[in-house]
Structure formats: structure tokens, C-alpha cells
Asker: 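Below are the C-alpha cells for one structure; questions will follow.
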Amino acid sequence: MATAAIVQAEDPGAERRKLLRRMSPELIKEICKERSMWSQPHLNTQLYLNYKGFETIEGLEAYINIRALYLGSNNIAKIDGLDRMSDLRTLHLEGNRIRSIENLSSNLELRQLNLESNAIRHLANLSHLTKLQHLNLAKNALASLADLEELKSLPSLENLDVSHNCIEETEGVIEFWADLPAELKILRYHGNPGVRFIEHYRKRLVNALASLRYLDERPIFPVERKSSAAWAEGGLQALQQAKRDHFQEQVRLQNAVEPDRREFLTQQRKLAIARIEREERERQEQEEKQEKEWTAVQRGDPAAVDDYTKAWRDKLQKYGAEQLRDEAAATAGVQDTRTNGRANPAAEAALAEAQRKAQVEKNRLSAYQSKQGKALTFAPPSREHGRPTEAPPAARASNVADFRQSGAGELDWSDRQFSVLSETDAPNIEEDEAAALQMKVKPEQEIVPDLWRNMEKENKEAESKVHEMHAKLS
């Protein structure tokens with residue numbers, strides 16, 4: 001008891017170290033299970049040991065395949081125990097109490113190193129990390145640019161953060177960053193005391209680092225790079241003019257058409273114009289060809305039109321308007337089946353079928369009318385009271401008067417059809433029909449019905465109006 005008390009008195013930190021958690025292999029396995037990682041060390045490629053309060057790095061000998069190691073927000077004072085992680089690519093040690101960079105000679109594949117919020121005062125032991133691309137040294141104890149000379153031995157460095165340190169230098173800052181062999185794309189230098197005293201800090205740094213894309217807390221856009229270059233040559237007025245020119249160029253590019261697109265549209269426009277001209281030429285040739293095929297009547301020759309009119313007038317007097325309409329409709333139907341002077345087989349077949357059906361219907365109607373005519377070869381008794389009716393001879397054919405008298409006993413269809421005839425006209429009708437039966441009709445002569453004879457005057461007036469209209473149009 002006395003010995004233990006003496007030891008505790010000699011080493012007051014012994015009891016405190018007993019209370020701290022040691023990074024043992026067993027504890028690491030428990031953390032892997034807790035954070036859904038593999039329990040077998042060689043299966044893990046990522047290891048999350050942050051926020052555990054470790055003071056030292058140990059017990060990682062079996063984790064040889066780790067590529068990303070997270071040890072941030074612990075109480076680590078020294079970098080150690082990473083010798084067997086030869087494939088390590090990412091190392092996070094932010095939020096510890098590390099004072100110097102050391103013991104990374106075996107980690108040649110390291111690409112990303114995060115040492116933010118530590119106590120580093122000077123950079124060293126980094127020259128062998130030729131593949132290092134991202135280095136975070138923000139919120140450390142760096143006091144001058146001389147402490148950053150080790151950065152010149154990192155050829156692959158792209159992203160560097162040395163913000164919020166204690167660098168108070170104002171002279172040679174731009175030249176220091178311009179002399180770095182690496183092509184920095186991201187640089188964070190804000191938060192250092194000397195930045196606010198560097199004249200035209202941002203413009204000068206943008207001009208000095210051509211590869212830089214992000215400086216401090218905001219990106220570098222093309223307009224800023226152009227305006228900064230113009231400022232270096234012509235001052236503030238040149239800077240403003242460069243901004244105006246840049247925005248005008250952007251507007252022009254947005255409204256302009258790409259060369260390939262312009263060439264394509266021009267070619268399409270030429271093809272469209274050529275097609276329109278070709279179609280117009282073909283249309284004119286077709287019209288000229290049709291005009292050559294026109295008859296004298298279609299061309300409007302007065303003599304031909306008069307002859308054509310006279311011929312139709314003669315046909316009208318000879319055959320009647322109804323028959324002429326049927327013939328004209330049939331002729332028009334045949335002409336419609338023609339296309340560019342050539343027969344259309346499908347249309348002609350359809351027309352032939354329609355004509356056949358019409359002929360069958362016509363024959364059926366003729367047979368029906370013939371049958372009805374045989375039934376009307378008798379002379380019914382007279383419908384007039386007090387007038388004796390003589391039976392007609394057997395050889396006498398039925399006529400209108402006989403058909404009118406067929407319904408003497410009732411008001412049938414014949415009464416409605418012939419009620420327009422007065423009773424006094426019946427003898428005259430019988431005499432006219434008897435005279436017509438005794439006449440010997442010549443073969444070339446056709447009898448025009450009374451209806452057309454009565455309409456002859458109206459037809460002639462209508463034809464004369466048509467002739468006058470044709471004469472005015474010609």
C-alpha cells in the first residue's frame with residue numbers, strides 16, 4: 001500500500017492514463033461491430049476510429065488493407081503506428097494535438113492528409129509524398145511563409161488550405177505562391193493576419209496562378225480572370241471595360257448559332273428552296289401540257305363554243321334534259337377514273353361493277369313495268385254518271401285516259417296523279433290518243449312528251465343565259 005502511494009505520488013498522471021481508453025485490438029473490433037464494419041481486420045478498407053478519445057495510435061498491425069483511416073477528434077499527440085498500411089490513401093487527423101508531421105515514410109500512396117485544428121508550427125517530412133494532392137493545415141500554429149517551404153517539394157498538390165493560421169507577412173506572399181511547382185486549383189489563405197494588408201491581394205493572386213479555380217471563400221470565374229488581367233495592364237477603367245466586353249460576348253454566344261448548326265440549317269434551307277423551285281417548274285410544265293391537250297371549246301374559241309352550244313341544244317330537243325344529265329354524269333365518271341391520261345384499273349373496275357349493277361336494276365325495273373303494262377290492257381267502266389261506256393276492242397292498247405278510268409270505284413293512286421286534269425279534257429285526251437295510234441311513226445322521229453314540250457320555252461331561255469355567260473367569260 002505504501003509502495004503504491006509512493007508511485008502515485010512520483011507519477012501523478014498514472015491514474016489518469018488508467019482512465020483513458022487504450023487503442024487495443026479488442027476495442028477496435030468492438031468499434032468495427034458498433035459502426036457496421038468488418039470484424040476481420042484484413043477485410044476492412046475503411047476504418048472509423050474518430051470521436052473515441054484515443055491518445056496514441058496502436059493496435060493497427062492487422063489492418064494492412066486500409067485505404068481510408070479516420071482518427072479525427074481524438075487526443076492524439078503523435079503520428080505513429082501506420083507503418084503496415086502501405087496502401088493508405090486518405091488520413092484524417094483533424095482535431096487532435098499533433099505538433100509535428102512524422103512517421104509517414106511507409107505511406108507513399110497517400111493522396112489526402114487532413115491535419116486541421118492541431119498545433120503544427122512547421123512543415124517537415126512531406127517531401128517523399130509525391131502523390132499527395134489534398135493537404136489541410138488550417139487552424140494550426142504556422143507563423144511565417146518559411147514554415148511552408150516544404151510545400152515546394154510536393155509536385156502533385158492541387159488543394160491546399162492554410163487558412164486561419166498566424167502568418168503576418170505581407171511582402172512576397174504573391175511571389176511565394178507563384179513559385180510553387182504544383183499547379184494549385186484550390187488555395188485557402190484567408191484568415192491570416194497579414195492578408196488584409198496585402199494591396200490588391202485577390203487580383204494579383206489570380207493573375208499569378210493561372211491554374212487556380214477557387215481562392216479563399218469563392219470561386220474564380222472567367223469574367224474575374226479577364227478583368228484581373230485587364231486591371232494589371234490598364235487599371236480600374238480597363239477592368240470595367242473587360243467586364244462589359246465579357247458579358248456582351250456571353251450574350252452574343254447565347255444568341256448565336258454554332259458553326260455546325262449554322263451549316264446544317266443553311267444546307268436544309270438550300271434543299272427546301274431547290275425542292276420548291278422544282279415543284280413549281282413541274283407544275284408549270286404540267287399546266288402547259290394540259291393546255292396543249294385542251295379542245296377549242298376549252299380554250300374559249302367563239303366559233304367552237306357556238307357549235308358546241310348548238311349541238312347541245314339539238315340534243316336537248318331530241319333526247320330531253322334527263323337523259324342528257326345521265327349521259328353527262330356517266331362521261332364525267334369515266335373521266336374521273338383517269339389519272340394523267342392513263343387509266344386507273346381499280347377505278348375502272350369499280351365503275352364497271354357499278355354499271356353492271358345499274359343495268360341489272362334497270363332490267364328488273366323494265367320487267368316489272370312490262371308486267372304491270374299487261375295488267376292494264378283493259379278499259380274500265382267510265383267514271384262519269386250518265387255516260388255509257390263502250391268496251392274497247394281487244395287489240396286497243398292502254399292509254400292515259402284508260403289508266404285514268406281504272407279507279408272508277410275508289411280514290412286510288414291514279415286519282416291523285418291525274419286529278420289535275422279537268423273532266424272536260426277527257427274527250428280531248430281520248431281523241432288525241434286515238435289519232436296518235438292511227439299515225440304511222442317514222443323511224444327517225446321521236447315523240448317528245450308534253451311535259452318537255454311545255455318546258456321547251458324555259459329551257460331555251462336558260463340556254464340563252466348560259467351562252468351569254470360563256471360569251472362574257474371568253
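Every value quoted in this text rests on a predicted model; they were computed, and no experiment measured them.
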Asker: Could you check Leu151 against Leu180 for side-chain contact (heavy atoms from CB on, under 4.5 Å), going step by step and ending with a plain yes or no?
Answerer: CA-CA 7 Å; Leu151 296 176; Leu180 288 181; 4.1 Å; yes
Asker: Output yes when Glu109 and Arg67 qualify as a salt bridge under the 4.0 Å nitrogen-oxygen rule, no when they do not.
Answerer: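 No, Glu109 and Arg67 are not salt-bridged.
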Asker: Grab the two heavy atoms, one from Ala230 and one from Ala242, that are nearest each other, plus how far apart they are.
Answerer: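 That closest heavy-atom pairing would be CB-CB, 3.6 Å.
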Asker: Go through Ile57 and Ile76 one step at a time and tell me if the side-chain contact (heavy atoms from CB on, under 4.5 Å) criterion holds.
Answerer: CA-CA 7 Å; Ile57 304 174; Ile76 299 172; 3.8 Å; yes
Asker: Would you say Gln284 and Glu280 are linked by a side-chain donor-acceptor pair, where the criterion is simply a distance under 3.5 Å?
Answerer: yes
Asker: Do any N or O atoms from the side chain of Asn207 and from the backbone of Arg204 form a donor-acceptor pair under 3.5 angstrom?
Answerer: no
Asker: Is the closest basic N to carboxylate O distance between Lys52 and Glu34 below 4.0 Å?
Answerer: yes
Asker: In this structure, are over 12 heavy atoms from other groups packed under 6.0 Å from Arg244 atom CZ?
Answerer: yes
Asker: Walk me through it: do His134 and Leu160 pass the test side-chain contact (heavy atoms from CB on, under 4.5 Å)?
Answerer: CA-CA 6 Å; His134 305 272; Leu160 176 62; over 6 Å; no
Asker: With distance as the sole test, does Ser117 use its side chain to make a donor-acceptor pair with the main-chain N or O of Lys139 at under 3.5 Å?
Answerer: no
Asker: Can you see whether Glu116 engages Asn136 through a side-chain donor-acceptor pair at a distance of less than 3.5 angstrom?
Answerer: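 On atom types as modelled, these side chains qualify, holding a pair under 3.5 Å.
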Asker: Might you point out which heavy atoms bring Asn103 and Asp83 nearest each other, and give the distance in Å?
Answerer: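 Heavy atoms only, the tightest pair is O-OD1, 4.5 Å.
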Asker: Do you know which of Glu285, Glu279, Glu287 makes salt bridge (charged side-chain N to carboxylate O under 4.0 Å, His left out) with Arg283?
Answerer: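 Running salt bridge (charged side-chain N to carboxylate O under 4.0 Å, His left out) over Glu285, Glu279, Glu287 with Arg283 returns exactly one hit, Glu287.
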Asker: With rounding to the nearest 0.5 angstrom, report the OG1 to CD distance, Thr170 to Glu199.
Answerer: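 Here the rounded value is 11.0 Å.
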Asker: Below 4.0 angstrom, N of the basic side chain to O of the carboxylate: do Lys243 and Asp245 qualify?
Answerer: no
Asker: For the pair Asn165 (side chain) and Ser163 (backbone), establish whether a donor and an acceptor sit closer than 3.5 Å, ignoring hydrogens and angles.
Answerer: yes
Asker: Looking only at heavy atoms, which two atoms of Glu169 and Ile198 are closest? And how far apart?
Answerer: O-CD1, 4.3 Å
Asker: With rounding to the nearest 0.5 Å, note down the distance linking CZ in Arg202 to CD1 in Ile174.
Answerer: 11.5 Å
Asker: Kindly indicate whether the side chain of Trp177, heavy atoms from C-beta on, has any atom under 4.5 Å from the side chain of Leu148.
Answerer: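 Counting from C-beta outward, Trp177 and Leu148 do come under 4.5 Å.
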Asker: Side chains of Leu205 and Leu215: closer than 4.5 Å at any heavy-atom pair?
Answerer: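 Sidechains of Leu215 and Leu205: in contact.
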Asker: Is a side-chain donor-acceptor pair under 3.5 Å present for Glu61 with Tyr63?
Answerer: no
Asker: Could you list the residues that satisfy side chain to side chain contact (heavy atoms under 4.5 Å, CB included) with Asp216, not counting sequence neighbours?
Answerer: Tyr189, His190, Tyr201
Asker: What's the spacing between Leu71 CG and Leu60 CG if we round to 0.5 Å?
Answerer: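 The CG atom of Leu71 sits 7.0 Å away from the CG atom of Leu60.
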Asker: Between Arg97 and Asn75, is there a side-chain donor-acceptor contact under 3.5 Å, judged purely by atom types and distance?
Answerer: yes
Asker: Quick check: do Asp87 and Ile66 have side-chain heavy atoms less than 4.5 Å from each other?
Answerer: no
Asker: Using a strict 4.0 Å threshold on nitrogen-to-oxygen distance, state whether Glu249 and Arg252 make a salt bridge.
Answerer: yes
Asker: Quick one: CG on Asn107 to NZ on Lys131, what's the gap to the nearest 0.5 Å?
Answerer: 12.5 Å
Asker: Side chains of Asn140 and Arg99: any donor to acceptor distance under 3.5 Å?
Answerer: no
Asker: Within the 4.5 Å heavy-atom criterion, are Asn125 and Ser100 side-chain neighbours or not?
Answerer: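 No, side chains not in contact.
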Asker: Please answer whether the main-chain N or O of Gly53 pairs with a side-chain N or O of Asn74 as donor and acceptor at a distance below 3.5 Å.
Answerer: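 Checked: pair present.
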Asker: May I ask you to check whether over 12 heavy atoms, not counting those of Glu171, lie within 6.0 Å of atom CD?
Answerer: no
Asker: Give the intermediate values and the outcome of side-chain contact (heavy atoms from CB on, under 4.5 Å) for residues Leu137 and Asn118.
Answerer: CA-CA 8 Å; Leu137 296 170; Asn118 280 278; over 6 Å; no
Asker: Should we say atom CD of Glu102 is surrounded by more than 12 heavy atoms from elsewhere, each under 6.0 Å from it?
Answerer: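 Above 12, so yes.
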Asker: Is it the case that the side chain of Asn96 and the backbone of Phe54 share a donor-acceptor pair, with hydrogens and angles ignored and the cut-off at 3.5 Å?
Answerer: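 It does not hold such a pair.
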Asker: What's the spacing between Ser144 OG and Arg121 CZ if we round to 0.5 Å?
Answerer: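 The CZ atom of Arg121 is 11.5 Å from OG of Ser144, to the nearest 0.5 Å.
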Asker: Should Glu149 and His122 count as side-chain neighbours, where that means a heavy-atom distance under 4.5 Å?
Answerer: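 No. Closest side-chain heavy atoms not under 4.5 Å.
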Asker: So, for Pro193 and Ile167, which heavy atoms are closest and what is the spacing to 0.1 Å?
Answerer: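 Smallest interatomic distance, heavy atoms only, reads CD-O, 3.1 Å.
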Asker: Quick check on Tyr214: does its OH atom have over 12 non-hydrogen neighbours (other residues, nucleotides or ligands) under 6.0 Å away?
Answerer: yes
Asker: Counting C-beta onward and ignoring hydrogens, is there a side-chain heavy-atom pair between Leu132 and Arg111 closer than 4.5 Å?
Answerer: no
Asker: So do the side chains of Arg218 and Glu224 get within less than 4.5 Å of each other, counting heavy atoms only?
Answerer: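 Heavy-atom side-chain distance check passes, below 4.5 Å.
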Asker: Would you say that more than 12 heavy atoms from the other residues, nucleotides or ligands in this model lie under 6.0 Å from the CD of Glu168, or not?
Answerer: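 Open.
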Asker: Looking at CG of Leu145 and CZ of Phe176, how far apart are the two atoms once the value is rounded to the nearest 0.5 Å?
Answerer: 5.5 Å
Asker: Search all heavy atoms of Leu49 against all heavy atoms of Met23 and return the closest pair with its distance.
Answerer: CD1-SD, 4.2 Å
Asker: Over all heavy atoms of both residues, which pair between Pro155 and Thr130 is shortest? Give the atoms and the distance, please.
Answerer: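 Here Pro155 and Thr130 meet closest at CG-O, 4.0 Å.
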Asker: Salt-bridge test for Glu58 and Arg22: reply yes if a basic N is under 4.0 Å from a carboxylate O, no otherwise.
Answerer: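 Looking at Glu58 and Arg22, the cut-off is met.
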Asker: So among Glu94, His92, Arg35, which one has a side chain to side chain donor-acceptor pair (under 3.5 Å) with Asn50?
Answerer: Arg35
Asker: Between Glu463 and Asn459, do the side chains contain an N or O donor and an N or O acceptor separated by less than 3.5 Å?
Answerer: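 No, no side-chain donor-acceptor pair sits under 3.5 Å.
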Asker: How about Thr90 and Leu69: do any of their side-chain heavy atoms sit closer than 4.5 Å?
Answerer: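 No, every pair of side-chain atoms sits at 4.5 Å or beyond.
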Asker: Has the side chain of Ser127 got a donor or acceptor atom that lies under 3.5 Å from a matching backbone atom of Ser153?
Answerer: no
Asker: Among Asn159, Asp161, Leu126, which residue satisfies the side chain to side chain contact (heavy atoms under 4.5 Å, CB included) criterion with Leu135?
Answerer: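 Result for side chain to side chain contact (heavy atoms under 4.5 Å, CB included) with Leu135: Leu126.
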Asker: Would you say Lys152 has more than 12 foreign heavy atoms packed within less than 6.0 Å of its NZ?
Answerer: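 Yes, enclosed.
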